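Structure first, commentary second.
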Amino acid sequence: METGVIELADVGPFDLQSTLESGQSYIWRRADGRTYETRRAYGGDAWYETVVDGEVLRVRQAGGPGDGRLEWESTTDATPLLTRLLRLDDDLEAIVDATPANQLLDEAYAAFRGMRLVRDPFFPCLVSFICSAQMRVERIYRMQTALRETYGDPVTVEGRTYYAFPTAAQVARATEADLRALGLGYRAPYVQQTAELVAAGGVTRADVDGLPYEAAREAATAFVGVGEKVADCVLLFSLGYLEAVPLDTWIRSAIAEHYPDCDRGSYADTSRAIRERFGGEYAGYAQTYVFHHLRTRS
DNA sequence: ATCCAGGATGTAT
DNA sequence: ATACATCATGGA
């Protein structure tokens, strides 16, 4: 495999572990085989690996979140791929500076300095968050791993086998019962039907991407198993709608405790209010920091 | 055992 | 538009 280094001095703050273990992306596997940990139980320099666009990609961080480096191994030049997937092109300092100051946001940003949003491939992201309904983060990882290893294309490089996330056509070939056997539960028919929709071209990314934010969220609910919350996750973690604020259980409790005036009853109205409170344009960044902060403290 | 997890859907109102 | 029951499954 090719190898390379990305100097973080050219990128700005970056923290690989919190970026990949904060419940945004489920396409990466930690190479030490350990399940994802929400605390820093190790040095933070583990390898993470995935298959994207048919290319094997491994990456680890060395030297700390500010002035360290990303070391990669790949079947291709991974620099543009990593820049896209890990949003290394975001000006994180500017994003943080543009975020309104308040106690919870300050705490969250301080706790995971360098965490970035991800830019996941569309279909894997869509399936991951359909599976996320009423499911703990650690179990979502397991479900996506099972999908990869059961239906994805294996890629063997230097004696090691990696699994690509299955395409829509590959998932569509599975039956609902097949998917239930992987532990998807009542989400199995959602995943199967959405895969059929995408594979047949009935609804695709193109029907969502590029629309104004709220119209895009509405359009994304055309996928089976996708309501407003999952739609927001896909918009934020795949399509780059950084203003999207998924209203999950953690954020709803944060609203109740810290921003009770933002609870406007309906999803759409509450979403507008908290989005405004989190600074609008990059509100999704704030949401993800708050989510990870609340979910990992004590 | 009971409760809960990055909710969505079908149905009744 | 909003309210409610129902939907699997594993871990605490």
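Throughout, protein chains are lettered first and strands after them, A, B, ... in sequence-line order, and every chain is numbered starting at 1. What you see is a predicted model, and the numbers here were worked out from it, not measured in a lab. Atoms considered below: every heavy atom in the structure, side chains included; atoms not considered: hydrogens, waters and symmetry mates.
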Over all strands shown, is [X] touching base, sugar-phosphate only, or nothing at heavy-atom distances under 4.0 angstrom?
{"X": "A:Y267", "value": "nothing"}
{"X": "A:R252", "value": "nothing"}
{"X": "A:G23", "value": "base"}

NZ/NE/NH1/NH2 to OD/OE distance under 4.0 Å, A:R173 and A:D178 | no
Contacted region of DNA chain B by chain A, from 5' end to 3' end of the hits, cut-off under 4.0 Å to heavy atoms, spans B:dC4 to B:dT9
Below 30° counts as parallel, above 60° as perpendicular, anything between as tilted: where do the rings of A:H292 and A:F112 land? tilted
Per ring-ring contact (aromatic ring centres under 6.0 Å, His included), A:F129 is matched among A:F223, A:Y190, A:F123, A:Y26 by A:Y26
The single option from A:Y285, A:Y259, A:Y109 that satisfies ring-ring contact (aromatic ring centres under 6.0 Å, His included) with A:F278 is A:Y259
Per nearest nucleotide of DNA chain B, the residue lying toward the 5' end, A:T221 or A:Q287, is A:Q287
Residue pair A:G225/A:D248 against DNA chain B: nearer the 5' end by closest nucleotide is A:D248
d(A:M115 CE, A:L86 CG) to nearest 0.5 Å is 13.0 Å
Distance col, row A:F165:CZ vs A:S128:OG, nearest 0.5 angstrom, shows 5.0 Å
Query raised in the report: When the P atoms of C:dT6 and B:dG6 are considered, how many whole Å apart are they?
Result: 24 Å
Distance, C1' atom - from B:dA5 to C:dC7, rounded to whole angstrom: 14 Å
- [ ] Check the pair A:D15 / A:R113 against side chain to side chain contact (heavy atoms under 4.5 Å, CB included), numbers first and verdict last.
- [x] CA-CA 7 Å; A:D15 181 344; A:R113 172 180 170 73; over 6 Å; no
*Just by distance, with hydrogens left out, do A:Y213 and A:D232 show a side-chain donor and acceptor under 3.5 Å apart?*
yes
Restricting both atoms to N or O, compile the protein contacts to nucleotides 6-9 of chain C shorter than 3.5 Å, with distance only.
{"from": "C:dA8", "atom 1": "OP1", "to": "A:R180", "atom 2": "NH1", "distance (Å)": "2.7"}
{"from": "C:dA8", "atom 1": "OP1", "to": "A:R180", "atom 2": "NH2", "distance (Å)": "2.8"}
{"from": "C:dA8", "atom 1": "O4'", "to": "A:Y186", "atom 2": "N", "distance (Å)": "3.2"}
{"from": "C:dT9", "atom 1": "O2", "to": "A:R139", "atom 2": "NH1", "distance (Å)": "2.8"}

**Side-chain donor/acceptor of A:D53 to backbone N/O of A:E55, under 3.5 Å** = no
The dot-bracket string of DNA chain B, counting Watson-Crick and G-U wobble pairs with both distances under 3.5 Å, using [ ] for crossing pairs and | for pairs to another strand, is .||||.|||||||
Quiz prompt | N or O in side chain of A:R264 less than 4.0 angstrom from C:dT2 OP1/OP2 | solution = no
Test salt bridge (Lys or Arg N to Asp or Glu O under 4.0 Å), reference A:E49, set A:R30, A:R160, A:R148, output is A:R160
Given the options A:L184, A:L126, A:L182, A:V191 meets side chain to side chain contact (heavy atoms under 4.5 Å, CB included) only with A:L184
